[in-house]
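Structure first, then comments.
Worth saying up front: this structure is predicted, and the values here are computed from it rather than measured. Counting convention: from 1, in listed order, for ligands and their atoms alike.
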Amino acid sequence: MDKTVPPGRVKGTLTPPCSKSYAQRALAAALLSEEVSVLRNIEFCDDTRSALQCIETLGARVRRVDPTSLSIEGGLSPKGCVLNVGESGLSTRLFTPVASLCPTPVTIEGRGSLLRRPMQMMFEPLRRLGVRVRDNGGFLPIEVCGPIQGGEAEVDGSVSSQFITGLLLALPLARRDTSLHVRGAVSTPYLDMTLDTAARFGIEISQRDYEEFYIPGRQRYRSTYFSIEGDWSAAAMLLVAGATAGEVTVRNVSMLSKQADTAICTALVRAGAAVINEEDSVTALHRPLRAFEFDATNCPDLFPALAALAAAADGVSVIRGTSRLEYKECNRSEAIREEYAKLGIEVDTSEEDLMKIRGGKVRAARTQSHGDHRMAMSLAVAALRSDEAVEIEGAESVAKSYPGFFGDLEHIRV
Ligand SMILES: O=C(O)C1=C[C@@H](OP(=O)(O)O)[C@@H](O)[C@H](O)C1
Ligand SMILES: C=C(OP(=O)(O)O)C(=O)O
């Protein structure tokens, strides 16, 4: 689907969708509880829907209480032997260890860009922990056969944190206690979100510096009322729209959240935008913007939003952590360089682990999302400052995290 986004100003208040990261974690935790949990404020983007399908396949009984609440009776008891994780990296690396709790073989399969994303980091640790793995050379589909036993394992955390999240949620149900030694953990706030979710379901895990994790086995997930927070990754995109093209208030998000992408507020302030932080909302207002420096190593999903911000700032912004971008829905560093070049914005990716973006006028062009939801949203936000409408090919990709994005953007146009 193509989308044509005309330039213009924005002003208004929006409520972003719920955090898909928290939603997927809470769905997994509800499956692992033997009791009934209630998840509130849950909405469905493609990734959350994939996680829901996974827990139903693995035995959860799910009932919709009202349009945004689910009642979930947990308990692992697979109804099928294939988990379809759609295009979700998190569902893959989370539900592989969870499926490894089962004593029967489970195949994990996905589609699209996910088939090119590396899964190698999972195999050695799973085998160490007692799981039989058919690894397909490091990519999906893969097959696991448990039950995962616990014990001791080393994990490479330098490509993604998501598999560690899966282990932290699965291993409390293993027969034995586990010591995980993690090398080079990245995206560490996402591990805090995992520990937070586990704790809210009554699970105890201790850790030191994201290097050593101790997970007692034979624990019990308690039933819980869990309200899913608003999504800071979606909020980041909307706040950048406010900072570059008017004024946007985002509701149902708190700066006290553990979500990695709360860090957008630091970048906005560095760029000179006005940011007003209230108990349950954050507002970003346009001011003359200046170039900024920012390290996004631990919040890689912010890159596309930061690119739209840097494009609107006076001077050359430096954003570090580009080595984190190669294996997302596309190679996001290259995609940002290519697509922003079409808009007349120079992005230099020649130096290791950083990109430099020279802010300036945005000119109309036909651009491409590369099948990546965050690229589509980034280009749409950049288009607000363009001389004429920007076309975005593959705009339907926003369904992965924020199906209502284009409707919301229209809603706040003035
Ligand atoms: O745990 C999570 O919810 C996520 C962790 C991050 O991935 P990596 O740990 O692979 O960086 C992030 O990019 C992804 O969108 C969601
Ligand atoms: C990379 C992302 O998600 P995942 O890794 O879960 O596919 C994302 O939402 O930007």
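Taking every heavy atom of both residues into account, Ala380 and Val5 meet most closely at O-CG1, 3.7 Å. Counting all heavy atoms, side chain and backbone alike, Phe139 lies closest to Arg116 at CE2-O, 3.5 Å.
Residue contacts with ligand 1, taken as heavy atom pairs separated by less than 4.0 Å, do not involve Met193 at all. When heavy-atom distances to ligand 1 are checked against a 4.0 Å cut-off, Gln24 has no atom that comes that close, whether in backbone or side chain. Here Ser187 has side-chain heavy atoms under 4.0 Å from ligand 1, and that is the only part of it that gets that close. Using a 4.0 Å cut-off between heavy atoms, Pro300 contacts ligand 1 through its side chain alone, with no backbone atom that close.
Using a 4.0 Å cut-off to heavy atoms of Asp301, the atoms of ligand 1 that qualify are 12 (C), 13 (O), 14 (C), 15 (O).
Residues lining ligand 2 at a heavy-atom distance below 4.0 Å are given as Lys20, Glu87, Ser88, Gly89, Leu90, Arg117, Gln162, Asp301, Lys328, Glu329, Arg332, His373, Arg374, Lys400, ordered by chain and residue number.
Salt-bridge check for Asp372 with Lys328: failed, with every basic side-chain N at 4.0 Å or more from each acidic carboxylate O.
Among all protein heavy atoms, the one lying closest to atom 1 (O) of ligand 1 is Arg25 NH2, 2.7 Å. Protein heavy atom closest to atom 3 (O) of ligand 1, with residue, atom name and distance, is Ser21 OG, 2.6 Å. Closest to atom 10 (O) of ligand 1, if we only count protein heavy atoms, is Ser160 OG, 2.6 Å. Of the protein's heavy atoms, Tyr190 CD2, 3.2 Å lies nearest to atom 2 (C) of ligand 1. Closest to atom 16 (C) of ligand 1, if we only count protein heavy atoms, is Gln162 NE2, 3.5 Å. The nearest protein atom to atom 8 (P) of ligand 1, hydrogens excluded, is given as Lys328 NZ, 3.4 Å; this is a heavy-atom distance.
Under the side chain to side chain donor-acceptor pair (under 3.5 Å) criterion, Ser160 pairs with Arg93, not counting sequence neighbours. When the salt bridge (Lys or Arg N to Asp or Glu O under 4.0 Å) test is applied to Glu410, the partners found at least two apart in sequence or on another chain are Arg413. With sequence neighbours left out, the side chain to side chain donor-acceptor pair (under 3.5 Å) criterion links Arg111 to Glu87.
Ring planes of Tyr402 and Phe405: perpendicular class, angle over 60° (limits at 30 and 60°).
Under 3.5 Å, the side chains of Glu212 and His181 contain a donor-acceptor pair of N or O atoms. No hydrogens or angles considered: a donor-acceptor pair under 3.5 Å links the side chains of Ser401 and His373. Using modelled atom types, one finds a donor on one side chain and an acceptor on the other under 3.5 Å when comparing Ser91 with Gln24.
Under a 3.5 Å cut-off, the side chain of Ser378 and the backbone N or O of Pro304 do form a donor-acceptor pair.
Remark: ligand 1 and Thr165 share no N or O pair separated by less than 3.5 Å (distance only, no angle test).
The closest approach between Leu90 and ligand 1 falls below 4.0 Å for a heavy atom of the residue.
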Salt bridge (Lys or Arg N to Asp or Glu O under 4.0 Å) between Arg220 and Glu34: does it pass, once the steps are laid out?
CA-CA 8 Å; Arg220 202 169 65 83; Glu34 298 274 328; over 6 Å; no
